[in-house]
Protein chains: 2
Amino acid sequence: MKKSNKKSQLPASKNENDQYENSGSLKPTTREKIVKAASTIFSNFPYYAASIRMIGKEAEVDHPLINYYFPTKADLFQEVLKITIDEYYKANVQWFDGLAALGPEKGFSLYIDRFIDFALKHPKPMRIIALNLVQAKQFDIIPGYQLLQQFFLNAMQAFIKSVPVKGADFDIQRLTTNFNTMAINYLGASDYYAGILGMESQSPEYLKWVKDSLTYIILPWLKQLLEEVETDNRGIGGETVTARRKRGQ
Amino acid sequence: MKKSNKKSQLPASKNENDQYENSGSLKPTTREKIVKAASTIFSNFPYYAASIRMIGKEAEVDHPLINYYFPTKADLFQEVLKITIDEYYKANVQWFDGLAALGPEKGFSLYIDRFIDFALKHPKPMRIIALNLVQAKQFDIIPGYQLLQQFFLNAMQAFIKSVPVKGADFDIQRLTTNFNTMAINYLGASDYYAGILGMESQSPEYLKWVKDSLTYIILPWLKQLLEEVETDNRGIGGETVTARRKRGQ
DNA sequence: AAGTTTTTTTTACGATCGTTAAATTCACTT
DNA sequence: AAGTGAATTTAACGATCGTAAAAAAAACTT
């Protein structure tokens, strides 16, 4: 509340669409530079290990200037989270394009190829999620924790929106949760897992391992989901996700 | 190197077996209190968010006393990691007891029950792993990173040692890695995942979800592994794990 | 009981943290 | 060219961090 009056006259992005990628203009604004640098730092260090001074250095900006655009570190982090999750969601929706005509095997294969390709070009989202996801809720450590949860809900929604799946919502939820859990780990913590496997985290060998793992584990259930009829209640706890939503959370 | 001379006269645990659980004696030593408190703090905060002062408070000890037993924070963390991973490994081996006679379904079911039961009684190991696993290798943030990797290698070894599996090592590696990845996430970051699912992290409902997920995803491949003969090379990249090890890393 | 060693407490150093406030520079309007 | 508001730099605050060193207390040896 100390700075509620200050907040009202804060500079904000004029263009609603501008991510930190800077939508086409020649040189990025200071605000954009800060957000971009912040996303870099926050994708390499968990919230409390990352510092405003690191971000300032990365953005080539005096660090108090960051407080001019973002009154607190938490504000900046939440902004990065918001952009990151939004960017990821929009990409995720696109990966489904034209998959329906290919059938489960080829469709799933292409989806993962697109996914991995995106993760290689934009490694930050998965890392930011992975780095901060575990943090204990009970300690209220991470600002924007709801946004972090939104990540999975978005992924499920993108799936439902794009795939003509007929199974119980409960099964869909399990499928997407399991898929994204592995994806976040294997792509967001690739150094760790590649290290275990004796591979390099960027190598085709490792990426093939990731794809194979996701395929072996998810594809059979995806197939089954696509074949199921709505009345089939094979899933444990037949309650649908929509029913759960109506109930509140 | 500043304190290499000091290190030689450091107090150490006389009994090789004493974990922070204190093997039977009446009151824990100061060292044990510190290690136990440290494991609590390190299971709630990632390495850099945890502080020596937090640990001192938790152990009810003046914080400089910690430096008397552990010259640096990194030393203490590595000690906790070592104990944690060792404790987990020994428990893991025990979960396999008497499973062979039950067949895949019942054996796997009992294994997971034991696993989840352990995770409820000893939530720290999974959390410590989950909290620090993602950290970038290239920044050398986390001391004892090799120990963190050891976790997965141990899990695979426990599996091979206890299950009469005939498949290619490559397939075994994928099976155990996928299994433990999900286990670490769902049990080590249960607040997050339960939150997504609209459940409570300790509830029977959520634990059932975890068990079901692990079962659906792993069991089919476990069955297949148990049926495979050694010459079957269905796995991608037929190189065995032992061959990989001989090659170095 | 005196002396010695081990353990614990006290105090404090230097570094870094997020944030604030004032001084300065810049961009723009008149 | 003067004036004005926004953007940026400079300087510094209080807090916390890991660690060190010295003082004090406790435990042990003789």
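No experiment lies behind these values; they were computed from the predicted model shown. Every chain is numbered from 1, with letters handed out A, B, ... down the list of sequences.
Across the protein-nucleic acid pair, A:I34 atom CD1 and C:dG18 atom C1' stand 15 Å apart, rounded to whole Å. With rounding to whole Å, B:I66 atom CD1 is found 12 Å from D:dT19 atom C1'. When rounded to the nearest whole Å, the span between OH of B:Y47 and P of D:dC17 equals 14 Å. Residue B:I52 contributes atom CD1, which lies 18 Å from atom P of C:dT16 at whole-angstrom precision. As rounded to whole Å, 10 Å separates atom P of C:dC17 from atom CZ of A:F45. Taking atom OH on B:Y48 and atom P on C:dT16, their separation rounds to 12 Å, with Å as the unit. A straight line from CG of B:N67 to C1' of D:dT19 spans 5 Å, rounded to a whole angstrom.
Every residue meeting the salt bridge (charged side-chain N to carboxylate O under 4.0 Å, His left out) condition with A:D117, not counting sequence neighbours, appears here in chain and number order: A:K121. Annotation: side chain to side chain contact (heavy atoms under 4.5 Å, CB included) contacts of A:T176 (sequence neighbours excluded): A:M156, A:F159, A:I172, A:N180. For B:K33, the side chain to side chain contact (heavy atoms under 4.5 Å, CB included) partners two or more places apart in sequence, or in a different chain, are B:P28, B:V61. Qualifying salt bridge (charged side-chain N to carboxylate O under 4.0 Å, His left out) partners for B:K211, counting only residues two or more places apart in sequence or in other chains: B:D113.
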Kindly give the atom pairs (protein nitrogen or oxygen, nucleotide nitrogen or oxygen) under 3.5 Å for nucleotides 8-15 of chain D.
from, atom 1, to, atom 2, distance (Å)
D:dT8, OP1, A:T30, OG1, 2.8
D:dT8, OP2, A:T30, OG1, 3.3
D:dT8, OP2, A:Y69, OH, 2.6
D:dT9, OP2, A:D62, OD2, 2.9
D:dT9, O5', A:D62, OD2, 2.7

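With A:Y47 as reference, A:N132 is the one residue of A:I128, A:L131, A:N132 to meet the side-chain contact (heavy atoms from CB on, under 4.5 Å) rule.
Using a 4.0 Å heavy-atom distance criterion, A:A74 is classed as making no nucleic acid contact. Within the 4.0 angstrom heavy-atom criterion, only backbone atoms of the sugar-phosphate kind lie near B:A50; the bases stay farther away.
In the helix from C:dA1-D:dT30 to C:dT30-D:dA1, the rotation axis of the first five pairs and that of the last five pairs differ in direction by 10°, rounded to 10 degrees.
A salt bridge is absent between A:E58 and A:R53; no separation between the charged side-chain nitrogens and carboxylate oxygens falls under 4.0 Å. Between A:E79 and A:R31, at least one side-chain N (NZ, or NE/NH1/NH2) sits under 4.0 Å from a carboxylate O, which counts as a salt bridge. Salt-bridge annotation for B:K90 and B:D86: present, with a side-chain N of the basic residue lying under 4.0 Å from a carboxylate O of the acidic one.
One finds the CD atom of B:Q149 at 8.5 Å from the CG atom of B:L133 (value rounded to the nearest 0.5 Å).
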